[in-house]
Amino acid sequence: MTTTVPKIFAFHEFSGVAEAVADHVVHAQNSALAPKSERKHSVTNLSVNALDMTREVSCKSTASASEVKNGGSSSNSKAKKEKRFKIALSGGSLIQVLHEGLLKREDVLWGKWDIYFADERLVPFSSNESNYGCAKRKILDQIDTAKYGTPKVYHIDESLIDDPQECADNYEKVLIRGFAGRDSVKLPMFDLFLLGCAPDGHIASLFPNFQDSLREKLAWVVPVKNAPSGPSTRISLTIPVICHSHRVTFVVEGATKAPVIKTIMERPEKGLPSSIVNEGAAGRVSWFVDDDALTDVLVTKKKYKFHPA
Ligand SMILES: O=C(O)[C@H](O)[C@@H](O)[C@H](O)[C@H](O)COP(=O)(O)O
């Protein structure tokens, strides 16, 4: 397997990561919401396949996020033209990182965000294991919506947590409506896809050695049963969806992650989920990592440069 080395932004301490990740997120937001001519730069980094898809999406009529909420198509052309920042969030420590970094910033246009989840553990939202539940409590409920607007949030249907397949199918429909009908777009394109990486190498809810879900080419969302850590039933967005994003960003901290990061970076042929993404989204992948997680890992570290306000 050949691989293109991703950008690895390293920080002495984890406290530096939250500010840098927040800056990166706001930069992605501003690029997504900028007029088309100003987006040229980010588009030049995309693969030919992704460029084709961009054209396809812009040529055909797409269902706006507000239409999804309203449960159908609308002739409201203003809604169709509205630019939205489409982001996918994972669970775990990422939520705390975003809590620390984003909530204090004045330039987060929350009202223009469409928030989806990279994966979900099939537990009630009130559980501390629920990715949406945690994001709601730690971030969404704390936004000053009077000042910044209210994001649109697309979570799983909580009534389906006992049926992983049904839950995955249902969430896929939510994505299809949010990004365009299946007829007009093969894959959704997130502006930013945020991922963590667990010590066992799973990203979203895609676990190493779960070959069926890792090799999935057609579905946007898959059910996961018998997960080896945390809640055993889950749903996850798939590798093609992750790799089709404008930007894919990993946020990883702590010495417990160092062994798996070493394998991901130095032994891509092992095919860990992150190595697959490093290659599949080559040129669009960044890692925000503290030094502890890079212990004994042979990579070229970059210094993160903050974007001017
Ligand atoms: O639902 C999940 O399991 C998460 O989305 C998962 O993919 C997470 O990102 C990693 O487990 C890393 O979590 P930590 O950052 O907490 O180690």
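None of these values were measured; they are calculated from a predicted model. Remember, it's 1-based here, ligands and their atoms both numbered in the order they're listed.
The ligand atoms of ligand 1 that sit less than 4.0 angstrom from a heavy atom of Gly91 are 4 (C), 5 (O), 9 (O). Using a 4.0 Å cut-off to heavy atoms of Arg121, the atoms of ligand 1 that qualify are 1 (O), 2 (C), 3 (O). Within ligand 1, counting atoms from 1 as listed, the ones closer than 4.0 Å to a heavy atom of Cys197 are 12 (C). Annotation for ligand 1: atoms under 4.0 Å from non-hydrogen atoms of Ile203 are 7 (O). Every atom of ligand 1 with a heavy atom of Ala204 under 4.0 Å away is listed here by number and element: 2 (C), 3 (O), 4 (C), 5 (O), 6 (C), 7 (O). The Ser90 neighbourhood of ligand 1 comprises atoms 5 (O), 9 (O), with distances under 4.0 Å to a heavy atom of that residue. Atoms of ligand 1 found under 4.0 Å from any heavy atom of Lys257, numbered from 1 in the order shown, are 14 (P), 15 (O), 17 (O). Set against the non-hydrogen atoms of Gly196, the atoms of ligand 1 under 4.0 Å away are 9 (O).
Of the listed residues (Phe190, Phe193, Trp220, Tyr132), just one forms a ring pair (Phe, Tyr, Trp, His ring centres under 6.0 Å) with Tyr116, and that residue is Phe190.
At distances below 3.5 Å, at least one donor-acceptor pair connects side-chain atoms of Gln29 with backbone N or O atoms of Leu109. Under the 3.5 Å distance criterion, the side-chain polar atoms of Asp191 are left unmatched by any main-chain donor or acceptor of Ile87. In this structure, Gln165 contributes its side chain and Pro223 its backbone to no donor-acceptor pair below 3.5 Å.
On a distance-only criterion, Ser93 and ligand 1 share at least one N/O pair closer than 3.5 Å. In terms of polar-atom proximity, His202 is counted as a contact of ligand 1, with an N or O under 3.5 Å from an N or O of the ligand.
Of all the heavy atoms of Glu120, none lies under 4.0 Å from any atom of ligand 1, so neither backbone nor side chain is involved.
Classification of the Tyr304-Phe11 ring pair by plane angle, with boundaries at 30° and 60°, yields tilted.
Looking only at side-chain heavy atoms (C-beta outward), Ile261 and Thr295 stay at 4.5 Å or farther from each other.
Around NZ of Lys7, the count of heavy atoms belonging to other residues, nucleotides or ligands within 6.0 Å does not exceed 12.
A salt bridge links Lys136 with Asp141; the closest basic N to acidic carboxylate O contact falls under 4.0 Å.
Side-chain N/O atoms of His24 and Thr249 include a donor and acceptor closer than 3.5 Å.
Atom 13 (O) of ligand 1 has as its closest protein heavy atom Gly92 CA, 3.9 Å. Of all protein heavy atoms, the one lying nearest to atom 5 (O) of ligand 1 is Asp119 OD1, 2.7 Å.
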